[in-house]
Amino acid sequence: MKNSAPSPLSLADLEGTPPTGTLLFNVADLPDHGGKEIIFAEGRLRTSIFVQKTDDAIAVFLNHCPHAGTPLNMLGDRFLDIRGKNILCRTHGATFDRISGECIAGPCKGRYLTPIACRIENGAVISL
Ligand code: FES
């Protein structure tokens, strides 16, 4: 049985994160290929999200692999595989579609990254 994509998560429902309506990213500041990470708090309340931008879409996910719960990246804003095509979890090598967040290969194939609820307004990505 195929898993379905989870409902978007509101940052306001997590501890140590900003309230609804917070500017998360300016679209113009995002790299064309690759991602950008935002960390809201460190220590026990650490929450990290990241954005992926393609030519025609923007997706924001919780930086939490559905396999074992580790952050996907090891270093800063590097989230993509060597071909720059899919999101790569650097712990055990799962790969995910950049926009849907579906795991397409690896130990959690068929599961999804958690999308973050947001809207794009006047070139800015705003939390919902
Ligand atoms: S924690 Fe991501 S593939 Fe295992």
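Counting starts at 1 for both ligands and their atoms, following the listed order.
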**Request:** List the steps and the verdict of side-chain hydrogen bond (donor to acceptor under 3.5 Å, both in side chains) for T17 and T47.
**Result:** CA-CA 7 Å; T17 54; T47 297; 6.0 Å; no
**Asked** Of all N/O/S atoms in H67, which lies nearest to atom 4 (Fe) of ligand 1?
**Response**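 Nearest to atom 4 (Fe) of ligand 1 within H67's N, O and S set: ND1.
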**Message:** Restricting to N, O or S, what is the name of the atom of H92 that lies nearest atom 4 (Fe) of ligand 1?
**Reply:** ND1
**Asked** Of the backbone atoms (N, CA, C, O) and the side-chain heavy atoms from C-beta on, which set of C65 has a member under 4.0 Å from an atom of ligand 1: side chain, backbone, both, or neither?
**Response** side chain
**Item:** Interfacing atoms of ligand 1 (cut-off 4.0 Å, heavy-atom, T70)
**Value:**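 With T70 as reference, the close atoms of ligand 1 come out as 1 (S).
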**Fill in**
Numbered in order shown, the ligand 1 atoms found under 4.0 Å of a heavy atom of P107 are 3 (S)
Find out whether [X] and [Y] are in side-chain contact, i.e. whether some heavy atom of one side chain is under 4.5 Å from a heavy atom of the other.
{"X": "L80", "Y": "I87", "result": "yes"}
{"X": "L72", "Y": "F61", "result": "no"}
{"X": "V51", "Y": "I116", "result": "no"}

**Request:** Answer yes if the side chains of N63 and N73 hold a donor-acceptor pair under 3.5 Å, and no otherwise.
**Result:**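 Short answer, yes.
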**Asked** Nearest heavy atom to atom 2 (Fe) of ligand 1: which of C89, G69, A94 does it belong to?
**Response**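 Residue with the shortest heavy-atom distance to the ligand atom: C89.
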**Message:** Under 2.8 Å from atom 4 (Fe) of ligand 1, is there any N, O or S atom belonging to C108?
**Reply:**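 C108 does not place any N, O or S atom closer than 2.8 Å to atom 4 (Fe) of ligand 1.
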